[in-house]
Colleague: 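One structure, pasted below without further comment.
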2 protein chains.
Amino acid sequence: MENMNIKKLAKELNLSVSTVSKALHDSYEIKAETKEKVLALAKQLNYQPNPFASSLRRNSSKTIAVVIPEIAHNFFSLVINGIESIAEELKYHVLIYITHEIPEKEEQIIRHLLNGRVDGILISSSGSSNNNAHYHELVQKGIPFVFFDRANFDIDAPRVTTDDYQAGFQATEHLIKSQCKHFAFLSLSSQMSAINHRKDGFLAALKQYQIQPDHIHIIEAGTDETLSFQIIRDSLQPLPESMGIFSSVEKLAIQTYHICKEINIRIPKQLKIISFSNLPTAALLNPALSTLTQPAFSIGKEAALLLFQSIKNKGKIQPITTLPNVVLKSTLFIRESTKI
Amino acid sequence: MENMNIKKLAKELNLSVSTVSKALHDSYEIKAETKEKVLALAKQLNYQPNPFASSLRRNSSKTIAVVIPEIAHNFFSLVINGIESIAEELKYHVLIYITHEIPEKEEQIIRHLLNGRVDGILISSSGSSNNNAHYHELVQKGIPFVFFDRANFDIDAPRVTTDDYQAGFQATEHLIKSQCKHFAFLSLSSQMSAINHRKDGFLAALKQYQIQPDHIHIIEAGTDETLSFQIIRDSLQPLPESMGIFSSVEKLAIQTYHICKEINIRIPKQLKIISFSNLPTAALLNPALSTLTQPAFSIGKEAALLLFQSIKNKGKIQPITTLPNVVLKSTLFIRESTKI
DNA sequence: GAAGAGTACGAAAACGATTTCGTAATTAAA
DNA sequence: TTTAATTACGAAATCGTTTTCGTACTCTTC
């Protein structure tokens with residue numbers, strides 16, 4: 001009585017195990033009457049198939065993994081929401097793995113997932129581009145995966161990203177038109193694709209408007225919180241005249257706000273700042289933060305859709321087509337933090 | 001070559017499958033030399049045991065589920081971080097399920113998990129207290145679970161909560177001492193344990209300070225965004241004199257900020273507000289938001305620890321002891337939004 | 001009415017691990 | 001030297017499904 005299984009169900013019905021299994025899967029081999037009986041008793045006895053037996057036999061787990069640098073982050077939470085919306089619909093399960101921005105951790109996670117625990121993986125890379133071995137192993141094992149936001153462009157895998165270059169250009173242009181004289185790009189690391197594209201857009205805009213190179217500052221704050229605070233603080237003392245900051249990630253913009261409060265820098269008077277961000281409170285900050293906002297939910301949805309398509313096509317001959325490379329648009333919200 | 005398994009490994013080593021399995025599990029039956037050989041070849045051929053075969057046989061999945069109302073929420077993200085920190089250490093996998101605050105969805109998820117896919121479940125309930133059947137089924141099936149933050153107090157399961165009553169009292173007392181005359185409690189629903197405890201603390205404080213009943217407002221905003229905006233807006237027009245709002249959740253406080261901005265209510269001059277919140281930008285808002293902040297990461301950690309303890313003790317005779325009921329303290333941060 | 005097709009089911013072999021039980025070979029004890 | 005115990009391994013059952021293959025039986029069709 002403890003656990004219902006197909007064998008007990010079959011015995012109860014005076015049918016064979018195979019017949020019951022087929023009936024439960026609505027096989028054409030089984031006549032309607034029998035199916036009904038089986039379904040009825042299964043429901044009555046609350047039978048639920050053992051997922052591991054099923055996965056073992058079918059060699060598919062109905063599970064995907066999401067590998068992200070961090071979760072306490074509006075962007076990634078929203079992406080997960082998008083992913084979940086699709087997974088839920090397709091009755092897939094979602095495993096979450098957090099790398100804490102540590103490339104080795106990511107490697108370890110991906111390597112573990114080679115064992116077949118999941119049917120596919122959604123990755124926002126924490127790694128530097130010089131370590132791709134684990135991705136290649138995924139390819140070799142035939143495990144579908146899709147990059148989102150932070151992709152590795154050396155790997156042939158579907159990608160869902162945003163128009164980072166254009167957005168970077170646009171944000172910087174906005175700073176220039178807001179009469180900034182000095183320009184700083186706040187970056188986590190120079191190893192992340194999305195962030196580098198933002199930087200390229202930043203530099204391109206400055207070049208187009210012929211900003212002198214010594215008015216251009218690249219600040220690599222890194223992923224350690226205490227350290228990045230220090231680095232940002234140092235780079236704002238002394239404060240260059242008419243400073244305009246383009247922060248590539250929300251976290252660094254928030255840190256900058258804290259620092260400005262601490263050392264009495266007035267935004268937007270002395271310093272203007274715009275940031276990539278999905279903060280729901282951006283408009284409520286003091287001053288309201290100008291943002292480039294990524295369609296995080298859609299990114300999650302699109303990435304999941306690509307992954308499930310990939311899973312579905314697995315084994316079949318792939319048409320020789322270009323790799324899916326979805327690029328979504330970010331939206332510029334101009335607020336007080338960049339007011340003239 | 002495609003997929004390594006224990007059979008191929010055994011053949012390669014001229015050993016039996018059982019010997020290899022035992023060697024891999026460091027069984028005393030196998031001599032050191034053999035173990036070394038097995039380990040070496042396993043590593044070389046990159047052998048990884050099939051998790052489903054293993055789970056099927058051992059009847060344990062090394063996986064837990066986290067069932068939460070929503071994920072794009074600072075509190076829950078931080079909790080997940082805490083959970084992950086423990087799960088990662090114990091080499092457990094974490095499945096995420098989102099109920100979107102829909103009790104039926106939660107039921108459906110929990111019912112699905114009765115099939116043994118996970119070894120245990122961490123739940124922050126979305127349900128009303130009048131539907132407990134699915135929890136009882138978990139108990140009956142012997143699947144360990146732990147409530148966090150939003151518990152169901154009718155169910156005998158370990159809980160990790162915060163001192164909601166005291167915090168509610170404290171927050172309200174603070175509003176009273178900030179010379180508010182009217183008091184409003186902003187609630188999602190009257191069915192959630194944690195929120196009701198906060199309300200009880202709110203009411204108790206008002207009673208102790210002999211606030212007239214007609215100066216006390218309970219606003220149930222619900223979980224629908226558009227609707228809750230409307231409800232809050234309506235309750236602020238006309239604005240009672242010296243209004244003090246205690247928001248039971250972050251989201252409603254943010255909505256209130258937006259509404260105040262929209263209809264030109266000055267915080268803290270015309271309206272003071274304090275909220276439960278884990279917003280990293282609380283101090284940067286205009287004005288800075290006074291908060292009660294829950295130790296979200298610790299809640300996740302403690303809940304996970306309780307769950308793993310529960311999983312470990314499963315099957316063993318439980319000592320007749322009181323149920324684990326961890327209560328953590330929230331911290332009050334007084335900021336400008338409640339300034340006199 | 002014989003051959004072929006279709007229907008509805010069952011027996012048994014997978015899937016890949018773990019675990020129980022049995023047993024040769026060696027060592028220790030009597 | 002015999003017996004008992006220990007060591008180190010292997011055969012086979014098992015976990016609960018799914019799926020292949022086989023086969024009675026009925027129904028057409030000529």
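Letters A, B, ... mirror the listed sequences (proteins, then strands); counts begin at 1. Owing to the predicted nature of the structure, the values given are computational and were not obtained by experimental measurement.
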Colleague: Can you sort out which residues in residues 47-55 of chain A have a heavy atom within less than 4.0 Å of DNA chain D? Ascending by number, please.
Modeller: A:Tyr47, A:Gln48, A:Pro49, A:Asn50, A:Ala53, A:Ser54
Colleague: What is the distance from CG of A:Leu15 to P of C:dA8, rounded to the nearest Å?
Modeller: 13 Å
Colleague: Could you tell me how far apart B:Leu9 (CG) and C:dT18 (C1') are, to the nearest whole angstrom?
Modeller: 15 Å
Colleague: Taking OP1 and OP2 of C:dA17, is either one under 4.0 Å from a side-chain nitrogen or oxygen of B:Ser21?
Modeller: no
Colleague: Assess whether atom NZ of B:Lys37 is packed by more than 12 heavy atoms of other residues, nucleotides or ligands within 6.0 Å.
Modeller: no
Colleague: With distance as the sole criterion, is a donor-acceptor pair present between the side chains of B:Glu106 and B:His134 under 3.5 Å?
Modeller: yes
Colleague: Send over the distance from B:Asn14 CG to D:dC9 P, rounded to a whole Å.
Modeller: 13 Å
Colleague: Can we call the ring centroids of B:His112 and A:His93 under 6.0 Å apart?
Modeller: yes
Colleague: Could you say whether B:Thr19 or A:Thr19 is positioned toward the 5' end of DNA chain C, judged by the nucleotide with the nearest heavy atom to each?
Modeller: A:Thr19
Colleague: For A:Glu137, is there an ion pair with A:Lys141 - N to carboxylate O distance below 4.0 angstrom?
Modeller: no
Colleague: Any donor-acceptor pair under 3.5 Å linking the side chain of B:Asp119 with the backbone of B:Ser61?
Modeller: yes
Colleague: Looking at DNA chain C, which of residues 23-34 of chain B put a heavy atom within less than 4.0 Å of it?
Modeller: B:His25
Colleague: For A:Ser125 and A:Tyr135, which I'm curious about, is there any donor-acceptor pair between the side chains at under 3.5 Å?
Modeller: yes
Colleague: Closest heavy-atom contact between B:Thr99 and B:Pro69?
Modeller: OG1-CA, 3.1 Å
Colleague: Please tabulate the protein-to-nucleotide N/O contacts below 3.5 Å involving nucleotides 11-14 of chain D, giving atom names and distances.
Modeller:
unit_1	atom_1	unit_2	atom_2	d
D:dA11	N7	B:Ser18	OG	3.4
D:dA11	N6	B:Ser18	OG	3.1
D:dT14	O2	B:Arg57	NH1	2.7

Colleague: Report yes or no: do A:Asn115 and B:Asn50 form a side-chain donor-acceptor pair below 3.5 Å?
Modeller: no
Colleague: Can you check the A:Arg58 CZ to C:dG16 P distance for me, whole Å?
Modeller: 16 Å
Colleague: In whole Å, I'd like the distance from the NZ atom of A:Lys11 to the C1' atom of D:dG16.
Modeller: 14 Å
Colleague: Does a salt bridge link B:Arg150 with B:Glu101, judged by any charged N lying under 4.0 Å from a carboxylate O?
Modeller: yes
Colleague: For the residue pair B:Leu114 and B:Ile143, what are the closest heavy atoms and their distance?
Modeller: CA-CD1, 3.8 Å
Colleague: Nearest whole angstrom, please: distance from the C1' of C:dG10 to the CD1 of A:Ile6.
Modeller: 13 Å
Colleague: Is B:Lys35 salt-bridged to B:Asp26, going by a charged N under 4.0 Å from an acidic O?
Modeller: yes
Colleague: Between B:Leu56 (CG) and C:dG16 (P), how many Å, whole number?
Modeller: 12 Å
Colleague: Could you give the CG-to-C1' distance, from A:Asn115 to C:dG16, as a whole number of Å?
Modeller: 12 Å
